[in-house]
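Chain letters run A, B, ... following the sequence lines, proteins first and then strands; every chain starts at 1. Side-chain atoms are counted along with the backbone in the values below, which use heavy atoms only and exclude waters and symmetry mates. Source: prediction; values computed, not measured.
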Amino acid sequence: MELPEATNFIEQYINEDLASGKYEGRGNQIVVRFPPEPNGYLHIGHVKALCINFGVKEKYAGKINLRMDDTNPAKEDYEYVNSIIDAVKWLGFEYDNLFYASDYYDKLYEIAEKYIKDGNAYVCDLSAEEITATRGTLTEPGKESPYRNRSVEENLKLFREMKAGVYPDGAKVLRAKIDMSSPNLNMRDPVIYRIAHVPHYRQGDKWCIYPMYDFAHPVSDAIEGITHSLCSLEFENHRPLYDWVIEKAGFAQPVPRQIEFARLNITNTLMSKRYLKKLVDEGVVSGWDDPRMPTLMGLKNRGVPPMALRKFCAAVGVAKNYGVVNNAQLDECIRDELNVTAERAMAVTDPVKLTITNYSGEEELEFEKNPTDGSGATRPVKFSGSVYIDRSDFALVPPPKFKRLFKGGFVRLKAAYIVRCDEVKLGQNGEVEEILCTYFPETRSGSEVKSDIKAKGVIQWVDCKYGVDACFTSYAQLLNDEEYPDQDYAERLNYDSIKTCCGKVEPYAAESGEGKCFQMMRTGYYKVCAAKDGKAQLSEIVSLKDNFNK
RNA sequence: UGGGGUGUCGCCAAGCGGUAAGGCACGGGAUUUUGAUUCCCGCAUUCGUAGGUUCAAAUCCUGCCACCCCAGCCA
């Protein structure tokens, strides 16, 4: 059979498995799954697992299930399953089936009874503390439970009573009977069922015993006919148990194979659910969808295009090395995507008035919507000869290599004319108040007439007459680990992480509709938000590269 | 101190016995009505380390070192 070229070690394994012919009876179909527990919101770390799994499905024309790994009723809720589904869809991934581990509870229970009948599981009366105490240590073997050798009949009776609700939480557990002296702690008679008189968000009060991950996960994979169960590195130690569970359950070959990969880490990006929750609970952020959060809802809210996240995962690759990707790589992927998808608009965040003394009247000029998407589409932009430019685009004393405006210098007003600064009006504190310029009609943008007048730089502007008041929000970089190793993440996020300033923006951008993304020329990529207090609101997605001052 | 993993450029990451891909970052240059984009060019004689096998090793063998994971009735 024709095998696709493997681009990472997971695909190599899949190719080997395919080549071995083990899936011939199933038409060589590869089946994978993405199994989040619905106990929280998906974040950027999950995108890697998503991309890997959906990537495999795509590459091998296989199937993929979205499976809610909901075996702990105390933590799970529909709120999370809905948010997970939304996030997966937002990323543009289409799954073949939506499954719930909780739908397998009957089957799981049946297999547990089989374990008992086969002498592979027993009901243990030890308390949680006692089980911990007898588990042994890294270097010493554990001690066998005194209940380890109960008869099949007794185990069955007890287990059925557990299910019937005869015992309180913690009174008894079902344990797999494996090897208390195994060097792998996971094999020392792990608990596979616990009693929890807690209603399940989907099953209600039907159950008071719930299967543990180590039992439910492999069985769920096997039930669904998963061929490759991809998970993160910390489950490597569980693989022998994974295989044991499936083998003793008696599933027919071929059975799923677990393959582990390194999870995603990004510098200055908090990825642990626990800390993320802390930020929400302490009110450091406005919620799970705060634009500073690395949750998919947060990223979406910030204006990050889903494709940028997928490109990022592709760039990062898949391996087993523990690594931390520099967040510059993420930023670059976001820019890369926005560069071709975002329209351009002009905005000034720190306005200074520039008046052209020899211009009168007004006109409509052509402004290219996006010079990089190849469309060449333009839109009109009104010009009245009196504009706001950004304070940083003018210098009283131009630094070396300065390409923008200074007294006596020339600069092009983007899409308009080249102007020369003749005079500068200063305020009481010496700050620039107004810049007076002369414009040159023959330098009109797109003009056929050749002009000898040249300008080294091009700056953006917003017309005084038509410009709209705007509020710009930007999210500062978190303090980095090297400089502030002891700083708490919550503090880092809190520290000046939102900055706002008021300026002017073109009406085109202000009226373009909430959610639209623009590159505000040299100031960065921004998302349009709902107007507030009569002002247009623009929030930064990612800053633009700026090589000046390097 | 048991077991399971991992160590290739500042950061990710290919490589699978035949003489170090790529991306990010960085440096230089060209084009540009965004100091953006685009486009060139440069960027590990060396693969944790010490030995060994081989005509030939990042790739095979051995020892050592470093880091990560495992003692939830969480997933």
Does a side-chain N or O of [X] approach OP1 or OP2 of [N] to a distance below 4.0 Å, or not?
{"X": "A:Arg194", "N": "B:rA75", "value": "yes"}
{"X": "A:Thr71", "N": "B:rA75", "value": "yes"}
{"X": "A:Asn326", "N": "B:rG10", "value": "no"}
{"X": "A:Gln329", "N": "B:rG22", "value": "no"}
{"X": "A:Lys545", "N": "B:rU37", "value": "yes"}
{"X": "A:Arg412", "N": "B:rU34", "value": "no"}

*Checking all strands, does A:Arg444 fall into the base, sugar-phosphate, or nothing category for heavy-atom contacts under 4.0 angstrom?*
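Result for A:Arg444 = base.
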_Base, sugar-phosphate or nothing for A:Val173? Non-hydrogen atoms, less than 4.0 Å._
base
Could you let me know what [N] is paired to, Watson-Crick or G-U wobble, both distances under 3.5 Å, or none if it's on its own?
{"N": "B:rA25", "answer": "none"}
{"N": "B:rG7", "answer": "B:rC65"}
{"N": "B:rG2", "answer": "B:rC70"}

*Which heavy-atom pair separates A:Ile84 from A:Glu37 by the least distance, and what is that distance?*
CD1-O, 4.1 Å
*Closest approach of A:Tyr115 to A:Val245 (non-hydrogen atoms, all atoms of both residues)*: OH-O, 2.5 Å
*Specify the separation, in whole Å, of atom CD1 of A:Ile334 and atom C1' of B:rC24.*
13 Å
_When the C1' atoms of B:rG42 and B:rA25 are compared, how many Å lie between them, rounded to an integer?_
14 Å
*Any salt bridge (Lys or Arg N to Asp or Glu O under 4.0 Å) pairs touching residues 338-352 of chain A, not counting sequence neighbours?*
A:Glu343-A:Lys516, A:Asp350-A:Arg391
*Summary of protein contacts for nucleotides 2-9 of chain B, nucleotide by nucleotide, where a base hit scores B, a sugar-phosphate-only hit scores S (4.0 Å, heavy atoms)*: BBSSSS--
*Quick one: list whatever passes ring pair (Phe, Tyr, Trp, His ring centres under 6.0 Å) with A:Phe9, sequence neighbours left out.*
A:Tyr13
*Compute the centroid of each ring, for A:His238 and then for A:Tyr242, and state whether the two points are separated by less than 6.0 Å.*
no
